[in-house]
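This chain uses plain numbering: 1 for the first residue, then up along the sequence.
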Amino acid sequence: MVGQDMTSADYQWDVIIIGAGPAGSNAAFHLARKGWKVLMLEKQRTPGAGKACGGQALSELKQTLSLPARLCEKEIKRIVISSPERTCEHISKRALYLSFRRKIFDDFLAQRAVRAGTILVTAARVKASQKEEVTILDRNTGRESIYRGKIIIYADGVPTLAWGQRRIGFSPKGSFHEALVYELEAPDNVAKDFHFHLSPGQAPFGCFWIFPKQDMMNVGLARLHGSSSASLKALLDEFRHNHPLTKGKRVCSARAGMIPARLASEFHTDNCMVVGDAAGFTDPVTGGGIQPALNSGELAARAAHAALGKRQYDAKTLALYPKLLKKSTDYLWIRFWGTIFKPLPFLTFHIHPQCYAQALRLNFALGLWLYKRKQKS
């Protein structure tokens, strides 16, 4: 555990945040900075441990989050998207993306929230959450504790407790991508490009990737759940054994996970909200979600701050959150690609196998074009 010892069942918090990923930590940071009493619960012993993620985001985060140099392992100026039929590149004079390790990145964000005044409790598995009450199991001691808060923010990814216990957030019946990620040893790694590889024959609705770090390579595969019966491990092993950048490199860790491919239908109810992956707030085509997670966390913090100021925590008061969310650029982007995403499985499997690949290329091209325009302005 980090922070003070809290065993009293009647200790009152202004906000309890479940999950110390980018969405939860950013919400905690903004709320604690306003002076509210914030408790953030994380099931892992270190935030970010066990995340099935490539560890990359747009380069603007370096400035907006004041990321230290040690955290930004590579600045990426070249993106390569290849398939058996064609290869396309996106090149920029300025850095387009940053690569980092999620464990270090998430811990930085969590400690940033702690410095602002948040109390962080790690190794805390949430067993149940009711309207104003959260029951946790301390994974170190086996002891149960109950915490009460005026507002609860679910930032626990998928599957989220918010769906099972409050009927908000991403439904387990929704479309999702399944992912498998390896970290490969690569001492003194000189690679400096992001590689995405489309293989309709192996993963008809999925994509392989290679993201370089300072002394390792992050290689992974994500595909739409149910799009293929082939083993993710078998496919990823074949890919890494054959690709010249990863061939012969030893696997030092492996992680699997789910990535939502659809927005939640409800983002809030009485005294609670969902953010990040728990809200389905990810790009449905690429699965990218760090930037939307950060932004949704900040918007939830704004709504919680307003509600706490009024001392009203009902659904009507917290409706400010979805109003802010639906005006955001991230939401409009996700809704736009969500509309395109809906017919993609049918088109890919019944009309032309390259439909998903074409949508992915277009998604990257449009996103990078918009980002370069923003950098110039």
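A side-chain donor-acceptor contact under 3.5 Å links Thr348 to the backbone of Tyr356. Between the Ser92 side chain and the Ala95 main chain, no donor and acceptor come within less than 3.5 Å of each other. Asn218 contributes no side-chain N or O that, together with a main-chain N or O of Trp209, makes up a donor-acceptor pair within less than 3.5 Å. No donor-acceptor pair closer than 3.5 Å links the side chain of Ser175 to the backbone N or O of Ala261. A donor-acceptor pair under 3.5 Å is absent between the side-chain atoms of Ser25 and the main chain of Pro22, judged by distance alone. Looking only at distances, no side-chain donor or acceptor of Thr46 sits under 3.5 Å from a matching main-chain atom of Ala49. The backbone N or O of Thr317 sits nowhere less than 3.5 Å from a side-chain atom of Gln312 that would complete a donor-acceptor pair. Lys51 contributes no side-chain N or O that, together with a main-chain N or O of Pro47, makes up a donor-acceptor pair within less than 3.5 Å. Between the side chain of Arg166 and the backbone N or O of Asp270 there is at least one donor-acceptor pair closer than 3.5 Å. Using a distance-only test at 3.5 Å, with no hydrogens or angles considered, no donor-acceptor pair links the side chain of Lys127 to the main chain of Glu144.
In this structure, CG on Leu245 lies 5.0 Å from CD1 on Ile210, to the nearest 0.5 angstrom. Between the CG atom in Asp138 and the CZ atom in Arg125 there is a gap of 11.5 Å [rounded to 0.5 Å]. Atom CG of Asp193 sits about 8.0 Å away from atom CD1 of Ile79, to the nearest 0.5 Å. Remark: Leu198 CG to Thr87 OG1 distance equals 10.0 Å, nearest 0.5 Å. One distance of note links CZ of Phe349 with CG of Leu344; it measures 10.0 Å at 0.5 Å rounding. The structure places CG of Leu39 at 4.5 Å from CG of Leu41, a figure rounded to the nearest 0.5 Å.
One hydrophobic cluster, built from ILVMFWY side chains closer than 4.5 Å, cannot hold both Ile259 and Phe105; they sit in different ones. In terms of hydrophobic clustering, with Ile, Leu, Val, Met, Phe, Trp and Tyr side chains grouped at heavy-atom distances under 4.5 Å, Val275 and Tyr313 are assigned to a common cluster. There is a path of hydrophobic side-chain contacts, each under 4.5 Å, that joins Met40 to Leu308. Hydrophobic clustering (ILVMFWY, side-chain heavy atoms < 4.5 Å, transitive): Val181 and Met216 are in distinct clusters. Transitive grouping of hydrophobic side chains (ILVMFWY, heavy atoms separated by less than 4.5 Å) keeps Leu109 and Val114 in distinct clusters.
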Stepwise side-chain contact (heavy atoms from CB on, under 4.5 Å) check, Leu65 with Leu294: CA-CA 10 Å; Leu65 294 177; Leu294 290 165; 4.0 Å; yes
Steps toward ring pair (Phe, Tyr, Trp, His ring centres under 6.0 Å) verdict (His197, Phe239): CA-CA 9 Å; His197 182 73; Phe239 175 77; 5.8 Å; yes
Pair Tyr331-Leu299, side-chain contact (heavy atoms from CB on, under 4.5 Å): steps then yes or no: CA-CA 12 Å; Tyr331 179 86; Leu299 295 179; over 6 Å; no
Verdict with supporting geometry, Arg250 and Cys252, side-chain contact (heavy atoms from CB on, under 4.5 Å): CA-CA 6 Å; Arg250 188 178 75 86; Cys252 51; 4.3 Å; yes
Residues Leu96, Lys372; criterion side-chain contact (heavy atoms from CB on, under 4.5 Å); working and verdict: CA-CA 8 Å; Leu96 297 170; Lys372 287 179 181 178; 3.9 Å; yes
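The shortest distance between side-chain heavy atoms of Leu61 and Ile290 falls below 4.5 Å. Proximity of Trp163 to Tyr154: side-chain heavy atoms (C-beta onward) are nowhere separated by under 4.5 Å. The shortest side-chain heavy-atom distance between Trp333 and Asn363 falls under the 4.5 Å cut-off. For the pair Ser59 and Arg94, the minimum side-chain heavy-atom distance is 4.5 Å or more. Residues Leu67 and Leu98 form a side-chain contact, since some pair of their non-hydrogen atoms from C-beta on lies under 4.5 Å apart. Contact annotation: the side chain of Arg167 never approaches that of Glu266 to less than 4.5 Å [non-hydrogen atoms, C-beta and beyond]. Counting heavy atoms from C-beta outward, Ile76 and Phe211 have side chains that stay 4.5 Å or more apart. Within the 4.5 Å cutoff, the side chain of Pro345 has heavy atoms near those of the Leu224 side chain.
Partners of Asp330 by side chain to side chain contact (heavy atoms under 4.5 Å, CB included), not counting sequence neighbours, listed by chain and number: Phe281, Gln291, Pro292, Asn295, Ser328.
Of all non-hydrogen atoms in Asp156 and Ala162, the two that sit nearest each other are OD2-N, 4.5 Å. Lys233 and Leu180 make their closest contact through CA-CD2, 3.5 Å (heavy atoms, listed as atom of the first residue, atom of the second, distance). Nearest heavy atom pair, residue Ser296 against residue Ala23, reads OG-CB, 4.3 Å. Taking each heavy atom of Met273 and His268 in turn, the nearest pair found is CG-CB, 3.9 Å. Of all non-hydrogen atoms in Trp337 and Pro284, the two that sit nearest each other are C-CG, 3.7 Å. Considering every non-hydrogen atom in both Asn189 and Met217, the closest pair reads ND2-SD, 3.0 Å.
With a 6.0 Å radius and a threshold of 12 heavy atoms from other residues, nucleotides or ligands, Glu89 has its CD atom above the threshold. Other residues, nucleotides and ligands contribute over 12 non-hydrogen atoms within 6.0 Å of the NZ atom of Lys74. Applying the 6.0 Å contact sphere to CD of Gln214 captures more than 12 heavy atoms from other residues, nucleotides or ligands. At most 12 heavy atoms of other shown residues, nucleotides or ligands fall within 6.0 angstrom of atom CZ in Arg335.
Under 4.0 Å is where a charged nitrogen must lie from a carboxylate oxygen, and between Glu183 and Arg255 at least one such pair does. The residues Arg148 and Glu133 are annotated as salt-bridged, a charged nitrogen and a carboxylate oxygen being separated by less than 4.0 angstrom. A salt bridge links Asp237 with Arg240; the closest basic N to acidic carboxylate O contact falls under 4.0 Å. Lys150 has a carboxylate O that lies under 4.0 Å from a charged side-chain N of Asp14, or vice versa, which qualifies the two as a salt bridge. One finds a salt bridge joining Glu73 and Arg101 here, because a Lys/Arg side-chain nitrogen approaches an Asp/Glu carboxylate oxygen to under 4.0 Å.
Phe341 and His177 have perpendicular rings, their planes meeting at more than 60° on a 0 to 90° scale where under 30° would count as parallel. The aromatic rings of Phe194 and Tyr97 sit tilted, their planes meeting at an angle between 30° and 60°.
With respect to Phe170, the side chain to side chain contact (heavy atoms under 4.5 Å, CB included) criterion is satisfied by exactly one of Thr282, Asp277, Val274, Val158: Val158. Screening His243, His195, Arg223, Gln202 against Phe208 for a side chain to side chain contact (heavy atoms under 4.5 Å, CB included) leaves a single residue, Gln202.
Donor-acceptor pairing under 3.5 Å is recorded for the side chains of Arg361 and Ser83.
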